[in-house]
There are 2 protein chains.
Amino acid sequence: MSTLAQGKADLERASTAQKVADMLRERVLDGELEPGLRLSEEAIGGALGVSRNTLREAFRLLTRDRILVHEHSRGVFVRRPTGDDVRDLYAARRVIECGALRLWNDVSEAQREAVRSPVRQAVARAEKNDFSKTGTANIQFHRGIVGLAGSTRLSDESDRLFAELMLAFRVAREMDAFHQTYLPWNRRIVELLNNGTVEQAVVQLDEYFAAAEQDLVGRLSAD
Amino acid sequence: MSTLAQGKADLERASTAQKVADMLRERVLDGELEPGLRLSEEAIGGALGVSRNTLREAFRLLTRDRILVHEHSRGVFVRRPTGDDVRDLYAARRVIECGALRLWNDVSEAQREAVRSPVRQAVARAEKNDFSKTGTANIQFHRGIVGLAGSTRLSDESDRLFAELMLAFRVAREMDAFHQTYLPWNRRIVELLNNGTVEQAVVQLDEYFAAAEQDLVGRLSAD
DNA sequence: ATCGTAGAATCGTTCAACAATCCAACGATC
DNA sequence: GATCGTTGGATTGTTGAACGATTCTACGAT
(Lines give C-alpha, C1' and ligand atoms only; values in the text may rest on other atoms or scores of the structure.)
Protein backbone atom coordinates (compact mmCIF):
# COMPACT_ATOMS: atom_id res chain seq x y z
CA MET A 1 0.00 0.00 0.00
CA SER A 2 2.69 2.45 0.94
CA THR A 3 4.63 1.49 -2.21
CA LEU A 4 1.56 2.31 -4.26
CA ALA A 5 1.27 5.71 -2.65
CA GLN A 6 4.96 6.22 -3.43
CA GLY A 7 4.42 5.34 -7.05
CA LYS A 8 1.51 7.70 -7.24
CA ALA A 9 3.65 10.53 -5.95
CA ASP A 10 6.14 9.80 -8.72
CA LEU A 11 3.48 9.67 -11.38
CA GLU A 12 1.96 12.97 -10.39
CA ARG A 13 4.78 14.87 -12.01
CA ALA A 14 4.77 18.49 -11.06
CA SER A 15 3.79 21.14 -13.53
CA THR A 16 6.49 23.35 -14.98
CA ALA A 17 5.40 26.21 -12.76
CA GLN A 18 5.64 23.95 -9.72
CA LYS A 19 9.12 22.80 -10.63
CA VAL A 20 10.29 26.35 -11.23
CA ALA A 21 8.80 27.38 -7.89
CA ASP A 22 10.61 24.54 -6.10
CA MET A 23 13.91 25.54 -7.66
CA LEU A 24 13.48 29.18 -6.75
CA ARG A 25 12.42 28.33 -3.21
CA GLU A 26 15.62 26.34 -2.75
CA ARG A 27 17.74 29.18 -4.14
CA VAL A 28 16.13 31.67 -1.79
CA LEU A 29 16.41 29.53 1.34
CA ASP A 30 20.00 28.63 0.48
CA GLY A 31 20.78 32.32 0.39
CA GLU A 32 21.74 32.54 -3.28
CA LEU A 33 18.91 34.98 -3.79
CA GLU A 34 19.13 37.53 -1.01
CA PRO A 35 16.16 39.11 0.77
CA GLY A 36 15.10 42.30 -0.95
CA LEU A 37 16.32 41.20 -4.37
CA ARG A 38 13.98 41.84 -7.23
CA LEU A 39 13.31 38.90 -9.53
CA SER A 40 12.98 40.11 -13.11
CA GLU A 41 10.47 38.14 -15.15
CA GLU A 42 12.51 38.44 -18.29
CA ALA A 43 15.89 37.57 -16.74
CA ILE A 44 14.73 34.56 -14.75
CA GLY A 45 12.37 33.32 -17.43
CA GLY A 46 15.17 33.46 -19.95
CA ALA A 47 17.66 31.76 -17.65
CA LEU A 48 15.31 28.90 -16.82
CA GLY A 49 13.85 28.60 -20.31
CA VAL A 50 10.22 29.10 -19.36
CA SER A 51 7.74 31.62 -20.66
CA ARG A 52 6.72 34.68 -18.71
CA ASN A 53 3.24 33.37 -18.07
CA THR A 54 4.51 30.15 -16.56
CA LEU A 55 7.06 32.03 -14.49
CA ARG A 56 4.35 34.31 -13.16
CA GLU A 57 2.44 31.25 -12.01
CA ALA A 58 5.54 30.09 -10.17
CA PHE A 59 5.84 33.53 -8.56
CA ARG A 60 2.26 33.31 -7.36
CA LEU A 61 2.97 29.95 -5.74
CA LEU A 62 5.95 31.37 -3.86
CA THR A 63 3.99 34.44 -2.88
CA ARG A 64 1.50 32.11 -1.24
CA ASP A 65 4.34 30.64 0.84
CA ARG A 66 5.48 34.16 1.80
CA ILE A 67 8.89 33.53 0.21
CA LEU A 68 8.28 36.34 -2.26
CA VAL A 69 6.29 39.55 -2.06
CA HIS A 70 4.43 40.97 -5.02
CA GLU A 71 4.20 44.72 -5.59
CA HIS A 72 1.81 45.84 -8.27
CA SER A 73 3.52 46.94 -11.49
CA ARG A 74 6.88 46.79 -9.73
CA GLY A 75 7.60 43.09 -9.72
CA VAL A 76 8.29 40.38 -7.17
CA PHE A 77 10.99 40.54 -4.52
CA VAL A 78 12.56 38.08 -2.14
CA ARG A 79 10.85 38.77 1.16
CA ARG A 80 12.84 40.85 3.61
CA PRO A 81 11.23 40.47 7.05
CA THR A 82 11.09 43.52 9.29
CA GLY A 83 11.05 43.71 13.07
CA ASP A 84 7.26 43.89 12.99
CA ASP A 85 7.15 40.79 10.83
CA VAL A 86 9.24 38.92 13.37
CA ARG A 87 6.99 40.02 16.21
CA ASP A 88 3.94 38.82 14.28
CA LEU A 89 5.70 35.58 13.46
CA TYR A 90 6.52 34.80 17.07
CA ALA A 91 3.06 35.75 18.27
CA ALA A 92 1.72 33.09 15.94
CA ARG A 93 4.34 30.52 16.89
CA ARG A 94 3.69 31.05 20.58
CA VAL A 95 0.01 30.24 20.25
CA ILE A 96 0.50 27.33 17.89
CA GLU A 97 3.45 25.58 19.48
CA CYS A 98 2.53 26.12 23.12
CA GLY A 99 -0.98 24.92 22.33
CA ALA A 100 0.34 21.88 20.50
CA LEU A 101 2.80 21.03 23.25
CA ARG A 102 -0.02 20.87 25.79
CA LEU A 103 -1.37 17.87 23.86
CA TRP A 104 1.76 15.86 24.73
CA ASN A 105 -0.07 13.26 26.82
CA ASP A 106 -2.86 12.76 24.26
CA VAL A 107 -0.80 11.85 21.20
CA SER A 108 0.89 8.77 19.77
CA GLU A 109 4.38 7.67 20.75
CA ALA A 110 5.53 8.28 17.17
CA GLN A 111 4.46 11.91 17.44
CA ARG A 112 6.35 12.32 20.74
CA GLU A 113 9.44 10.72 19.23
CA ALA A 114 9.37 13.26 16.39
CA VAL A 115 9.96 15.90 19.07
CA ARG A 116 12.68 14.07 21.02
CA SER A 117 14.72 12.71 18.13
CA PRO A 118 15.92 15.99 16.58
CA VAL A 119 17.18 17.20 19.96
CA ARG A 120 18.93 13.91 20.66
CA GLN A 121 20.74 14.07 17.33
CA ALA A 122 21.66 17.72 17.77
CA VAL A 123 23.11 16.98 21.21
CA ALA A 124 25.12 14.05 19.82
CA ARG A 125 26.55 16.24 17.08
CA ALA A 126 27.27 19.11 19.42
CA GLU A 127 29.36 16.79 21.67
CA LYS A 128 31.54 16.09 18.64
CA ASN A 129 31.78 19.82 17.96
CA ASP A 130 29.81 19.30 14.74
CA PHE A 131 27.46 22.23 14.37
CA SER A 132 26.77 21.74 10.68
CA LYS A 133 23.09 20.81 10.75
CA THR A 134 22.20 22.58 13.96
CA GLY A 135 19.87 24.93 12.11
CA THR A 136 17.73 22.29 10.46
CA ALA A 137 17.71 20.22 13.67
CA ASN A 138 16.18 23.13 15.54
CA ILE A 139 13.54 23.48 12.86
CA GLN A 140 12.83 19.76 13.01
CA PHE A 141 12.29 20.01 16.75
CA HIS A 142 9.69 22.69 16.30
CA ARG A 143 8.10 20.90 13.36
CA GLY A 144 7.71 17.94 15.68
CA ILE A 145 5.99 20.09 18.27
CA VAL A 146 3.49 21.42 15.74
CA GLY A 147 2.93 17.85 14.55
CA LEU A 148 1.51 16.98 17.96
CA ALA A 149 -1.64 18.82 16.92
CA GLY A 150 -2.19 16.32 14.12
CA SER A 151 -3.33 18.90 11.58
CA THR A 152 -1.70 19.06 8.17
CA ARG A 153 -3.08 22.57 7.72
CA LEU A 154 -1.41 23.74 10.90
CA SER A 155 1.85 22.00 9.99
CA ASP A 156 1.83 23.54 6.53
CA GLU A 157 1.23 27.02 7.91
CA SER A 158 4.03 26.49 10.40
CA ASP A 159 6.36 25.53 7.58
CA ARG A 160 5.56 28.86 5.98
CA LEU A 161 6.33 30.61 9.25
CA PHE A 162 9.63 28.75 9.52
CA ALA A 163 10.59 29.68 5.97
CA GLU A 164 9.85 33.32 6.70
CA LEU A 165 11.93 33.08 9.85
CA MET A 166 14.84 31.64 7.90
CA LEU A 167 14.76 34.79 5.79
CA ALA A 168 14.78 36.92 8.92
CA PHE A 169 17.84 35.01 10.17
CA ARG A 170 19.53 35.68 6.89
CA VAL A 171 18.86 39.40 7.14
CA ALA A 172 20.22 39.34 10.69
CA ARG A 173 23.32 37.45 9.44
CA GLU A 174 23.41 35.19 12.46
CA MET A 175 21.98 31.89 11.38
CA ASP A 176 24.32 29.36 12.97
CA ALA A 177 25.13 31.09 16.21
CA PHE A 178 21.47 31.75 16.69
CA HIS A 179 20.29 28.18 16.55
CA GLN A 180 23.26 26.99 18.53
CA THR A 181 22.43 29.26 21.42
CA TYR A 182 19.06 27.72 21.89
CA LEU A 183 19.95 24.03 21.87
CA PRO A 184 20.19 23.87 25.69
CA TRP A 185 16.66 25.22 25.83
CA ASN A 186 15.31 22.50 23.57
CA ARG A 187 17.10 19.92 25.69
CA ARG A 188 15.52 21.19 28.88
CA ILE A 189 12.07 21.15 27.31
CA VAL A 190 12.43 17.52 26.28
CA GLU A 191 13.59 16.59 29.78
CA LEU A 192 10.57 18.26 31.35
CA LEU A 193 8.30 16.43 28.92
CA ASN A 194 9.88 13.09 29.74
CA ASN A 195 9.39 13.83 33.44
CA GLY A 196 5.69 14.28 32.77
CA THR A 197 5.72 17.95 33.75
CA VAL A 198 4.11 19.22 30.57
CA GLU A 199 3.03 22.59 31.92
CA GLN A 200 6.59 23.42 32.94
CA ALA A 201 7.75 22.49 29.47
CA VAL A 202 5.20 24.88 28.01
CA VAL A 203 6.50 27.66 30.26
CA GLN A 204 10.06 26.97 29.09
CA LEU A 205 8.96 27.03 25.46
CA ASP A 206 7.23 30.33 26.02
CA GLU A 207 10.37 31.81 27.55
CA TYR A 208 12.39 30.45 24.65
CA PHE A 209 10.13 32.34 22.27
CA ALA A 210 10.43 35.53 24.28
CA ALA A 211 14.21 35.34 24.25
CA ALA A 212 14.47 34.35 20.59
CA GLU A 213 12.11 37.10 19.50
CA GLN A 214 13.92 39.76 21.47
CA ASP A 215 17.28 38.62 20.16
CA LEU A 216 16.18 38.55 16.54
CA VAL A 217 14.25 41.83 16.67
CA GLY A 218 17.30 43.45 18.23
CA ARG A 219 19.55 42.31 15.45
CA LEU A 220 17.08 43.41 12.79
CA SER A 221 16.38 46.90 14.10
CA ALA A 222 20.13 47.39 14.59
CA ASP A 223 20.46 47.67 10.82
CA MET B 1 -3.83 60.13 8.86
CA SER B 2 -6.65 57.67 8.50
CA THR B 3 -7.93 59.59 5.47
CA LEU B 4 -4.50 59.28 3.90
CA ALA B 5 -4.51 55.55 4.48
CA GLN B 6 -7.96 55.47 2.91
CA GLY B 7 -6.72 57.29 -0.15
CA LYS B 8 -3.79 54.96 -0.46
CA ALA B 9 -6.14 51.98 -0.37
CA ASP B 10 -8.08 53.54 -3.24
CA LEU B 11 -4.98 54.19 -5.27
CA GLU B 12 -3.72 50.67 -4.93
CA ARG B 13 -6.34 49.38 -7.29
CA ALA B 14 -6.40 45.62 -7.42
CA SER B 15 -5.15 43.79 -10.45
CA THR B 16 -7.63 42.17 -12.79
CA ALA B 17 -6.74 38.74 -11.45
CA GLN B 18 -7.37 39.96 -7.92
CA LYS B 19 -10.76 41.40 -8.83
CA VAL B 20 -11.77 38.21 -10.61
CA ALA B 21 -10.64 36.18 -7.60
CA ASP B 22 -12.70 38.36 -5.26
CA MET B 23 -15.79 37.94 -7.40
CA LEU B 24 -15.39 34.20 -7.61
CA ARG B 25 -14.74 33.90 -3.88
CA GLU B 26 -17.99 35.69 -3.20
CA ARG B 27 -19.88 33.45 -5.60
CA VAL B 28 -18.49 30.34 -3.96
CA LEU B 29 -19.14 31.41 -0.37
CA ASP B 30 -22.65 32.57 -1.32
CA GLY B 31 -23.35 29.11 -2.60
CA GLU B 32 -23.89 30.03 -6.24
CA LEU B 33 -20.98 27.83 -7.17
CA GLU B 34 -21.45 24.56 -5.33
CA PRO B 35 -18.66 22.48 -3.81
CA GLY B 36 -17.35 19.93 -6.28
CA LEU B 37 -18.21 22.03 -9.32
CA ARG B 38 -15.56 22.26 -11.98
CA LEU B 39 -14.72 25.75 -13.19
CA SER B 40 -13.99 25.69 -16.90
CA GLU B 41 -11.32 28.16 -17.96
CA GLU B 42 -13.00 28.86 -21.25
CA ALA B 43 -16.53 29.26 -19.89
CA ILE B 44 -15.65 31.51 -16.94
CA GLY B 45 -13.02 33.47 -18.84
CA GLY B 46 -15.53 34.15 -21.59
CA ALA B 47 -18.30 35.11 -19.17
CA LEU B 48 -16.09 37.55 -17.26
CA GLY B 49 -14.26 38.87 -20.29
CA VAL B 50 -10.75 38.06 -19.14
CA SER B 51 -8.08 36.03 -20.84
CA ARG B 52 -7.24 32.50 -19.84
CA ASN B 53 -3.89 33.49 -18.41
CA THR B 54 -5.38 36.12 -16.14
CA LEU B 55 -8.10 33.72 -15.07
CA ARG B 56 -5.51 31.12 -14.22
CA GLU B 57 -3.79 33.64 -11.96
CA ALA B 58 -7.11 34.23 -10.22
CA PHE B 59 -7.52 30.48 -9.79
CA ARG B 60 -4.10 30.28 -8.20
CA LEU B 61 -5.04 32.99 -5.71
CA LEU B 62 -8.18 31.12 -4.70
CA THR B 63 -6.28 27.86 -4.48
CA ARG B 64 -4.03 29.56 -1.94
CA ASP B 65 -7.10 30.37 0.15
CA ARG B 66 -8.26 26.74 -0.13
CA ILE B 67 -11.48 27.87 -1.82
CA LEU B 68 -10.57 25.93 -4.95
CA VAL B 69 -8.54 22.80 -5.52
CA HIS B 70 -6.32 22.34 -8.53
CA GLU B 71 -5.98 18.93 -10.19
CA HIS B 72 -3.26 18.67 -12.79
CA SER B 73 -4.57 18.63 -16.36
CA ARG B 74 -8.09 18.24 -15.02
CA GLY B 75 -8.90 21.76 -13.99
CA VAL B 76 -9.94 23.59 -10.84
CA PHE B 77 -12.91 22.66 -8.68
CA VAL B 78 -14.79 24.30 -5.85
CA ARG B 79 -13.44 22.61 -2.74
CA ARG B 80 -15.64 19.91 -1.28
CA PRO B 81 -14.41 19.18 2.26
CA THR B 82 -14.47 15.58 3.46
CA GLY B 83 -14.83 14.25 6.98
CA ASP B 84 -11.07 14.03 7.26
CA ASP B 85 -10.77 17.65 6.18
CA VAL B 86 -13.15 18.69 8.93
CA ARG B 87 -11.20 16.72 11.53
CA ASP B 88 -7.99 18.41 10.39
CA LEU B 89 -9.70 21.79 10.42
CA TYR B 90 -10.93 21.42 13.99
CA ALA B 91 -7.59 20.08 15.21
CA ALA B 92 -6.06 23.32 13.95
CA ARG B 93 -8.81 25.52 15.37
CA ARG B 94 -8.56 23.86 18.77
CA VAL B 95 -4.88 24.67 19.11
CA ILE B 96 -5.17 28.17 17.71
CA GLU B 97 -8.30 29.41 19.44
CA CYS B 98 -7.77 27.74 22.80
CA GLY B 99 -4.22 29.07 22.80
CA ALA B 100 -5.39 32.56 21.87
CA LEU B 101 -8.14 32.56 24.47
CA ARG B 102 -5.61 31.88 27.23
CA LEU B 103 -4.11 35.30 26.47
CA TRP B 104 -7.34 37.00 27.58
CA ASN B 105 -5.79 38.80 30.55
CA ASP B 106 -2.76 40.01 28.59
CA VAL B 107 -4.48 41.85 25.75
CA SER B 108 -6.06 45.25 25.17
CA GLU B 109 -9.65 46.06 26.05
CA ALA B 110 -10.39 46.61 22.35
CA GLN B 111 -9.32 43.06 21.61
CA ARG B 112 -11.54 41.70 24.39
CA GLU B 113 -14.46 43.73 23.13
CA ALA B 114 -14.04 42.18 19.67
CA VAL B 115 -14.88 38.86 21.33
CA ARG B 116 -17.83 40.06 23.44
CA SER B 117 -19.56 42.27 20.91
CA PRO B 118 -20.55 39.65 18.31
CA VAL B 119 -22.14 37.47 20.98
CA ARG B 120 -24.01 40.42 22.48
CA GLN B 121 -25.44 41.33 19.08
CA ALA B 122 -26.36 37.74 18.29
CA VAL B 123 -28.17 37.41 21.61
CA ALA B 124 -30.07 40.65 20.99
CA ARG B 125 -31.17 39.45 17.56
CA ALA B 126 -32.09 36.01 18.83
CA GLU B 127 -34.43 37.55 21.43
CA LYS B 128 -36.29 39.19 18.56
CA ASN B 129 -36.40 35.85 16.73
CA ASP B 130 -34.09 37.32 14.09
CA PHE B 131 -31.69 34.58 13.07
CA SER B 132 -30.60 36.20 9.82
CA LYS B 133 -26.99 36.98 10.56
CA THR B 134 -26.41 34.29 13.14
CA GLY B 135 -23.86 32.58 10.91
CA THR B 136 -21.60 35.57 10.38
CA ALA B 137 -21.95 36.56 14.05
CA ASN B 138 -20.58 33.17 15.09
CA ILE B 139 -17.66 33.61 12.73
CA GLN B 140 -17.02 37.10 14.08
CA PHE B 141 -16.89 35.70 17.61
CA HIS B 142 -14.21 33.24 16.63
CA ARG B 143 -12.33 35.82 14.58
CA GLY B 144 -12.25 37.91 17.72
CA ILE B 145 -10.78 35.03 19.70
CA VAL B 146 -8.00 34.51 17.17
CA GLY B 147 -7.38 38.25 17.20
CA LEU B 148 -6.34 38.02 20.85
CA ALA B 149 -3.07 36.53 19.64
CA GLY B 150 -2.28 39.77 17.82
CA SER B 151 -0.82 38.08 14.74
CA THR B 152 -2.08 38.99 11.29
CA ARG B 153 -0.58 35.77 9.95
CA LEU B 154 -2.57 33.72 12.42
CA SER B 155 -5.73 35.69 11.73
CA ASP B 156 -5.31 35.29 7.98
CA GLU B 157 -4.80 31.57 8.29
CA SER B 158 -7.87 31.33 10.49
CA ASP B 159 -9.90 33.16 7.88
CA ARG B 160 -8.89 30.48 5.43
CA LEU B 161 -9.94 27.81 7.90
CA PHE B 162 -13.30 29.56 8.36
CA ALA B 163 -13.85 29.77 4.62
CA GLU B 164 -13.15 26.09 4.27
CA LEU B 165 -15.55 25.38 7.11
CA MET B 166 -18.27 27.38 5.37
CA LEU B 167 -17.90 25.04 2.43
CA ALA B 168 -18.22 22.05 4.74
CA PHE B 169 -21.44 23.53 6.17
CA ARG B 170 -22.74 23.93 2.67
CA VAL B 171 -22.03 20.30 1.85
CA ALA B 172 -23.78 19.30 5.08
CA ARG B 173 -26.74 21.52 4.14
CA GLU B 174 -27.21 22.74 7.70
CA MET B 175 -25.75 26.21 7.84
CA ASP B 176 -28.27 28.15 9.86
CA ALA B 177 -29.43 25.54 12.31
CA PHE B 178 -25.86 24.68 12.96
CA HIS B 179 -24.69 28.10 14.05
CA GLN B 180 -27.87 28.70 15.95
CA THR B 181 -27.32 25.63 18.09
CA TYR B 182 -24.04 26.91 19.38
CA LEU B 183 -25.00 30.44 20.39
CA PRO B 184 -25.63 29.40 24.05
CA TRP B 185 -22.13 28.03 24.14
CA ASN B 186 -20.58 31.29 22.98
CA ARG B 187 -22.63 33.10 25.57
CA ARG B 188 -21.39 30.88 28.38
CA ILE B 189 -17.79 31.35 27.27
CA VAL B 190 -18.11 35.14 27.38
CA GLU B 191 -19.65 34.96 30.85
CA LEU B 192 -16.79 32.83 32.13
CA LEU B 193 -14.31 35.29 30.65
CA ASN B 194 -16.03 38.24 32.31
CA ASN B 195 -15.92 36.38 35.61
CA GLY B 196 -12.16 36.10 35.24
CA THR B 197 -12.23 32.31 35.03
CA VAL B 198 -10.27 32.05 31.81
CA GLU B 199 -9.28 28.41 32.14
CA GLN B 200 -12.92 27.36 32.48
CA ALA B 201 -13.72 29.34 29.36
CA VAL B 202 -10.98 27.47 27.51
CA VAL B 203 -12.46 24.15 28.63
CA GLN B 204 -15.87 25.23 27.37
CA LEU B 205 -14.41 26.28 24.05
CA ASP B 206 -12.69 22.93 23.75
CA GLU B 207 -15.95 21.12 24.40
CA TYR B 208 -17.66 23.34 21.84
CA PHE B 209 -15.11 22.23 19.25
CA ALA B 210 -15.57 18.58 20.15
CA ALA B 211 -19.34 18.84 19.76
CA ALA B 212 -19.21 20.91 16.58
CA GLU B 213 -16.70 18.59 14.97
CA GLN B 214 -18.67 15.47 15.81
CA ASP B 215 -21.88 17.02 14.55
CA LEU B 216 -20.40 18.17 11.27
CA VAL B 217 -18.43 15.00 10.61
CA GLY B 218 -21.59 13.01 11.25
CA ARG B 219 -23.57 14.99 8.71
CA LEU B 220 -20.80 14.72 6.14
CA SER B 221 -20.18 10.99 6.37
CA ALA B 222 -23.94 10.41 6.28
CA ASP B 223 -23.84 11.33 2.60
C1' DA C 1 20.08 71.28 -4.77
C1' DT C 2 15.23 70.48 -6.13
C1' DC C 3 11.91 69.77 -9.39
C1' DG C 4 9.79 68.25 -13.65
C1' DT C 5 9.93 65.83 -17.84
C1' DA C 6 11.23 62.54 -21.68
C1' DG C 7 12.66 58.05 -22.72
C1' DA C 8 13.83 53.38 -21.47
C1' DA C 9 12.71 49.37 -19.01
C1' DT C 10 9.39 46.42 -16.95
C1' DC C 11 4.95 44.82 -15.70
C1' DG C 12 -0.17 43.64 -16.79
C1' DT C 13 -3.01 41.61 -19.95
C1' DT C 14 -4.55 39.71 -24.16
C1' DC C 15 -4.49 36.68 -28.12
C1' DA C 16 -3.39 32.74 -30.95
C1' DA C 17 -1.34 28.43 -31.42
C1' DC C 18 0.15 23.68 -30.46
C1' DA C 19 1.44 19.75 -27.52
C1' DA C 20 -0.06 16.93 -23.67
C1' DT C 21 -3.59 15.04 -21.09
C1' DC C 22 -8.07 13.58 -19.86
C1' DC C 23 -12.68 11.83 -20.91
C1' DA C 24 -16.49 9.54 -23.02
C1' DA C 25 -18.20 6.74 -26.56
C1' DC C 26 -17.47 2.85 -29.36
C1' DG C 27 -16.22 -1.88 -30.44
C1' DA C 28 -13.47 -6.13 -29.62
C1' DT C 29 -12.58 -9.97 -26.78
C1' DC C 30 -13.50 -13.47 -23.43
C1' DG D 1 -22.91 -9.26 -20.44
C1' DA D 2 -18.84 -7.29 -18.41
C1' DT D 3 -14.18 -5.95 -19.03
C1' DC D 4 -10.67 -4.20 -21.75
C1' DG D 5 -8.18 -1.41 -25.63
C1' DT D 6 -8.86 2.26 -29.00
C1' DT D 7 -10.21 6.38 -31.14
C1' DG D 8 -11.69 11.16 -31.36
C1' DG D 9 -13.05 15.37 -29.10
C1' DA D 10 -12.63 18.56 -25.44
C1' DT D 11 -9.80 20.86 -21.97
C1' DT D 12 -5.66 22.03 -19.86
C1' DG D 13 -0.42 23.26 -20.01
C1' DT D 14 2.83 26.10 -22.06
C1' DT D 15 4.76 29.09 -25.32
C1' DG D 16 5.67 33.40 -27.97
C1' DA D 17 4.50 37.80 -29.50
C1' DA D 18 2.23 42.03 -28.99
C1' DC D 19 0.69 46.52 -26.91
C1' DG D 20 -1.00 49.69 -23.33
C1' DA D 21 0.07 51.08 -18.57
C1' DT D 22 3.19 51.92 -14.94
C1' DT D 23 7.56 52.65 -12.89
C1' DC D 24 12.27 53.94 -12.92
C1' DT D 25 16.30 56.70 -14.51
C1' DA D 26 18.77 60.27 -16.19
C1' DC D 27 18.95 64.60 -17.98
C1' DG D 28 18.19 69.41 -18.01
C1' DA D 29 15.56 73.68 -16.18
C1' DT D 30 14.68 76.64 -12.44
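Note: hydrogens, waters and symmetry copies are ignored here, and every other heavy atom, side chains too, is used. Protein chains get the first letters and strands the later ones, always in sequence-line order, with residue 1 at the start of each.
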**Asked** What one-letter contact string describes nucleotides 5-13 of chain D from 5' to 3', where B marks a base within less than 4.0 Å of any protein heavy atom, S marks contact via sugar-phosphate atoms alone, and - marks no contact?
**Response** ------SBB
**Request:** Salt-bridge test for A/Arg219 and A/Asp215: reply yes if a basic N is under 4.0 Å from a carboxylate O, no otherwise.
**Result:** yes
**Prompt:** B/Ser108 and B/Gln111: side-chain donor and acceptor closer than 3.5 Å?
**Reply:** yes
**Message:** Quick check: B/Tyr208 with B/His142 (ring centres under 6.0 Å apart)?
**Reply:** yes
**Message:** If the test is side-chain contact (heavy atoms from CB on, under 4.5 Å), which one of A/Leu39, A/Thr16, A/Val50 qualifies with A/Leu55?
**Reply:** A/Val50
**Prompt:** Whole Å only: how far is the CG atom of A/Leu55 from the P atom of D/dG16?
**Reply:** 13 Å
**Item:** C/dG12 OP1/OP2 closer than 4.0 Å to side-chain N/O of B/Thr54
**Value:** no
**Request:** Determine whether more than 12 heavy atoms belonging to other residues, nucleotides or ligands lie under 6.0 Å from atom CZ of A/Arg25.
**Result:** yes
**Asked** Base, sugar-phosphate, or nothing for A/Gly45, non-hydrogen atoms under 4.0 angstrom?
**Response** nothing
**Request:** May I have the distance from A/Phe77 (atom CZ) to D/dT23 (atom P), rounded to whole angstrom?
**Result:** 12 Å
**Prompt:** Can you check whether B/Asp88's main-chain N or O pairs, donor with acceptor, with A/Ser151's side chain at less than 3.5 Å?
**Reply:** yes
**Item:** Between P of C/dT10 and CG of A/Asn53, the distance in whole Å
**Value:** 18 Å
